[in-house]
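Worksheet: the structure to be examined is printed underneath.
These values consider heavy atoms only, across backbone and side chains, with no hydrogens, waters or symmetry-generated copies. Throughout, a chain's letter reflects where its sequence line sits, starting with A, and its residues are numbered from 1. Small disclaimer: the values here were computed from a predicted structure and weren't measured.
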Number of protein chains: 2
Amino acid sequence: MARVGLTPERLALAGAELADEVGFDQVTVSALARRFDVKVASLYSHLKNSQDLRTRIALLALEELADRAADALAGRAGKDALIAFADVYRDYAREHPGRYAAAQLRLDPETAAAGAGVRHAQMTRAILRGYDLAEPDQTHAVRLLGSVFHGYVSLETAGGFSHSAPDAQESWTRILDALDALLRNWPPTP
Amino acid sequence: MARVGLTPERLALAGAELADEVGFDQVTVSALARRFDVKVASLYSHLKNSQDLRTRIALLALEELADRAADALAGRAGKDALIAFADVYRDYAREHPGRYAAAQLRLDPETAAAGAGVRHAQMTRAILRGYDLAEPDQTHAVRLLGSVFHGYVSLETAGGFSHSAPDAQESWTRILDALDALLRNWPPTP
DNA sequence: CAGCTTGCCTAAAAGTATTAGGCAGTTGCA
DNA sequence: TGCAACTGCCTAATACTTTTAGGCAAGCTG
């Protein structure tokens, strides 16, 4: 019996690839075993259960996304940073739809806190350093940016903007223009 | 054998209730059969397959959501309309998390077009009548609003804003203030 | 090289999805 | 009203996924 050299990390990575190929909800312990040409039960030495697999894929995706975002943010500020950061999310979702779907998985709070979720929040806040926003408006703005990025990318990958003019890229550009303008001119509390 | 009086509509409704109780991804043909105290195979007279069930629940949710939104929009304009419309989405997601998750299901284009998706887009556009936006900026704004509403509600129901100040309601209010300000003062194309 | 760990295996049980074919309760028509 | 057709729910059967238990041998450890 040749040992294949499975590890939780390799399984998560292969699961992520599988997700990109067939969709995150089609990722199954059985399919993964097939991919390694190994019996299903063997995976249970490395995975607690199928939820564990999904969670690992989600954490992998969040990590990759945070790495890319950190890269994009380095050396940029203001609108440049805003656009670069936003593009990371959008590009990642387009390149890796399965991974992006995985990143949307509801994690229990401790798992999420242990993962890259915190980095994402910190980086979003870092973008706002280029704008003049005091608390609590800064937090409101963080949440707005998170909502727009996630919302737009979700709707676009769901096909919501296809088959209609103007194309999705143009709206994306103009929406980022608008957000930049909004952040530079955040309305006072009424 | 007492006839239970199953119909696709009753199954979709019961499926929606089940989704709200146990989560949309736990909605299964078997669970639904159990709920009606009927054998699983019996449901296949009314449903093509389990995907058909999920699609019907999604369409039901989209319809309910559109009905509520239409109601909220009646007799309102400008910022009032914006807030009322946005609150419909947020409240629906909080009251009916399973249904809201169902509404996010990727539908193939024809199914989506046949359903209430179009109404949603039209209503979002109706809100913008209270603002002075010409095409193509109007479409950009429609997409921005959709993204913010969907994104915020997703992140909030995923627990993204809990356990941190300020509370989610306050951010929501201020984000809607900000969007209103942005729509009243949409930046020109650079 | 002897022994121990452990990675992958077989076996088995439980749940879900789906199809085929049957019977009885209901409907519709004379 | 009576009978025929329909159709709603059933049993039976197959296939796939998840998960647990227990076994054997590969390869590291001394």
Handout entry: Side-chain donor-acceptor contact under 3.5 Å, W172(A) with D87(A)
Key = yes

Completion exercise
Joining Ile, Leu, Val, Met, Phe, Trp and Tyr whenever any side-chain heavy atoms lie under 4.5 Å apart, the cluster holding L60(B) also takes in L13(B)

Problem - CZ on R56(B) to CG on D52(B), rounded to 0.5 Å - result: 4.5 Å

Problem - Length of the line joining D25(A):CG and dC16(D):P, which is rounded to integer Å - result: 19 Å

Problem - Atom-to-atom span, CG of D37(B) to C1' of dC10(D) - whole angstrom - result: 13 Å

Handout entry: Rounded distance in Å - CG (L43(B)) to P (dT16(C))
Key = 13 Å

Problem - Pair listing, salt bridge (Lys or Arg N to Asp or Glu O under 4.0 Å) test, anchored in residues 135-146 of chain B, at least two apart - result: R174(A)-D137(B), R125(B)-E135(B)

Problem - Nearest-angstrom distance from the residue atom NZ of K39(B) to C1' of dT16(C) - result: 15 Å

Problem - Phosphate OP1/OP2 of dC9(C) contacted by S42(A) side-chain N/O (<4.0 Å) - result: yes

Practice task
Please determine, by modelled atom types, if R34(A) and S30(A) share a side-chain donor-acceptor pair under 3.5 angstrom.
Solution key: no

Practice task
State whether the side chain of D20(A) and the backbone N or O of R99(A) hold a donor-acceptor pair below 3.5 Å, judged by distance alone.
Solution key: yes

Practice task
Output all residues satisfying ring pair (Phe, Tyr, Trp, His ring centres under 6.0 Å) with Y92(A), sequence neighbours left out; order by chain, then residue number.
Solution key: H96(A)

Exercise for the section: Name the nucleic acid region contacted by L6(A), choosing base, sugar-phosphate or nothing; use a 4.0 angstrom heavy-atom cut-off, strictly under. Expected result: sugar-phosphate

Could you go through nucleotides 18-21 of chain D and list every protein N or O atom that sits under 3.5 Å from one of its N or O atoms, giving the distance for each pair?
residue : atom : partner : partner atom : Å
dT18(D) : OP1  : T28(A)  : OG1          : 2.9
dT18(D) : OP2  : T28(A)  : OG1          : 2.4
dT18(D) : OP2  : V29(A)  : N            : 3.0
dT18(D) : OP2  : S30(A)  : N            : 3.0
dT18(D) : OP2  : S30(A)  : OG           : 3.1
dT19(D) : OP2  : Y44(A)  : OH           : 3.0
dT19(D) : OP2  : S50(A)  : N            : 2.7

Problem - Interface residues of residues 10-18 of chain A with DNA chain C (non-hydrogen, below 4.0 angstrom) - result: none

Completion exercise
residues 157-172 of chain A vs salt bridge (Lys or Arg N to Asp or Glu O under 4.0 Å), sequence neighbours excluded, gives none

Practice task
Taking only the side-chain nitrogens and oxygens of R34(A), find out if one of them lies under 4.0 Å from OP1 or OP2 of dT17(D).
Solution key: yes

Problem - Interatomic distance where NE2 belongs to H46(B) and P belongs to dT18(C) [whole Å] - result: 16 Å

